[in-house]
Amino acid sequence: MTDLVKTELIDGIRVVTINRPEKKNALTQAMYAVMADAVAGADEDPEVRAVVITGTEDIFTSGNDLNDFLQASVDDAETPVWRFLRAIATTTTPLLAAVNGAGIGIGTTMLLHCDFVYASPGARFHMPFINLALVPEAASSLLLPRCAGYRKAAELLMLGEPFDANEAVAAGVVTAIAPAKGELEMAMDTARKLAAKPPSALRQTKALLRGDDQSVRERLEAEGAEFKVCLSSPEAKEAMTAFFERRPPDFSKFT
Ligand code: COA
């Protein structure tokens with residue numbers, strides 16, 4: 001099971017690889033648990049100077065496993081997904097991502113917590129929460145307007161349409177576009193530079209840049225409360241059932 005997320009230590013950099021390509025790297029609770037431990041554990045381990053999250057050849061992650069959403073089993077404050085969200089929101093270790101293919105749902109929102117994000121030229125991003133009758137998560141309703149501005153955030157979260165790597169750079173979601181297949185190398189180069197910096201001053205710099213983490217924690221909670229209500233709604237059930245039945249959802253019967 002743990003092979004679905006691989007973790008390795010390379011030159012003081014913890015590389016976390018999401019590895020469930022047959023399901024487009026959809027994240028189950030067991031996978032979130034490994035990722036949460038990898039990120040939170042980095043803060044306790046002086047050997048780890050940076051964390052890099054990446055996916056497999058064609059896909060970063062298709063987001064939360066929709067089966068979990070159908071079972072509405074992701075709402076408890078102590079579930080692995082919550083531990084992961086708190087870990088990425090509060091880690092003091094430099095956090096990087098190398099996005100190779102599509103990053104959907106949390107595959108995009110987790111990037112807002114990263115200090116550096118590198119994407120392949122063909123990477124695609126999507127926060128389809130509204131299309132699934134859900135609300136934004138991972139404090140994206142706070143962090144996206146901060147980096148992209150309200151207008152762009154409203155477009156991306158209220159219309160829920162996918163966007164490409166150039167748009168992601170313009171929105172401040174991605175640091176830079178790497179040459180084809182070069183995103184992990186670019187992330188590792190930056191991680192190595194960070195690993196050579198004085199660690200205490202680097203942690204302080206990150207904390208100052210991130211600013212008030214209380215508002216992020218509060219937004220995580222507020223979104224989580226709404227998300228929980230949405231998950232059990234008939235609209236959300238229709239949206240997710242439609243995905244597995246490979247048909248468009250029909251929201252016409254809902255008022
Ligand atoms: N949860 C559960 N299973 C998922 C999944 C997810 N988020 N994303 C993909 N899968 C599964 C599919 O059900 C399919 O399983 P099967 O082979 O047993 O039928 C397999 O992964 C391959 O997916 P498929 O849709 O056939 O691949 P594709 O190349 O046509 O499309 C995506 C890829 C990522 C665009 C598409 O799978 C997708 O839109 N996934 C859902 C994304 C989403 O809404 N995530 C939630 C965000 S909040």
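Read the numbers this way: they start at 1 and go in the same order the structure lists the ligands and their atoms. Everything numeric here is computed off the predicted structure, so don't read it as measured data. All residue numbers refer to positions in the sequence shown, counting from 1.
If you take CG on Leu111 and OG on Ser140, they are separated by 11.0 Å, rounding to the nearest 0.5 Å. Atom-to-atom distance recorded for Asn131:CG and Glu161:CD is 8.0 Å, nearest 0.5 angstrom.
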Exercise. Please report the C-alpha distance between Arg14 and Asp45 in whole Å, then the side-chain angles of each, then the deciding distance to 0.1 Å, and finally whether the salt bridge (charged side-chain N to carboxylate O under 4.0 Å, His left out) criterion is met.
Key: CA-CA 10 Å; Arg14 181 165 286 168; Asp45 186 343; 3.7 Å; yes
Arg217/Asp213 under salt bridge (charged side-chain N to carboxylate O under 4.0 Å, His left out): CA gap, chis, key distance, verdict
CA-CA 6 Å; Arg217 285 162 179 264; Asp213 103 325; 3.6 Å; yes
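Against a heavy-atom cut-off of under 4.0 Å, Asn64 is close to the following atoms of ligand 1: 1 (N), 6 (C), 7 (N). Against a heavy-atom cut-off of under 4.0 Å, Phe129 is close to the following atoms of ligand 1: 48 (S).
The closest protein non-hydrogen atom to atom 47 (C) of ligand 1 is Gly105 CA, 3.8 Å. For atom 42 (C) of ligand 1, the closest heavy atom belonging to the protein is Ser62 O, 3.4 Å. At the shortest separation from atom 34 (C) of ligand 1 among protein heavy atoms lies Ile104 CD1, 3.5 Å. Of all protein heavy atoms, the one lying nearest to atom 3 (N) of ligand 1 is Phe244 CE2, 4.0 Å. When only non-hydrogen protein atoms are considered, atom 1 (N) of ligand 1 lies nearest to Leu66 N, 2.8 Å. Nearest to atom 44 (O) of ligand 1 among the protein's heavy atoms is Leu132 CD1, 3.8 Å.
Using a cut-off of 4.0 Å between Lys/Arg side-chain N and Asp/Glu carboxylate O, Glu185 and Arg192 are scored as not salt-bridged.
Using a 4.0 Å cutoff on heavy atoms, Met127 does not count as a contact of ligand 1. Residue contact annotation: Arg246 has a non-hydrogen atom under 4.0 Å from ligand 1.
Residue-level proximity to ligand 1 for Ala26 is carried by the side chain, the only part with a heavy atom below 4.0 angstrom. Using a 4.0 Å cut-off between heavy atoms, His126 makes no contact with ligand 1 at all.
Between Phe69 and Phe227, the ring center distance clears the sub-6.0 Å criterion.
Tyr150 OH: 12 or fewer foreign heavy atoms inside a 6.0 Å radius. Heavy-atom contacts from other residues, nucleotides or ligands closer than 6.0 Å to CD of Glu245 number more than 12. Counted within 6.0 Å of CZ on Arg151, heavy atoms from surrounding residues, nucleotides or ligands total 12 or fewer; the atom is thus considered open. Heavy atoms of other residues, nucleotides or ligands lying less than 6.0 angstrom from CD of Glu22 number more than 12.
For atom 26 (O) of ligand 1, the nearest protein heavy atom is under 4.0 Å away. Protein heavy atoms are found inside the 4.0 Å sphere centred on atom 10 (N) of ligand 1.
Note: no N/O pair closer than 3.5 Å links Gly63 and ligand 1 by distance alone.
Counting heavy atoms only, Lys24 comes closest to atom 28 (P) of ligand 1 of the residues Glu22, Lys24, Lys23.
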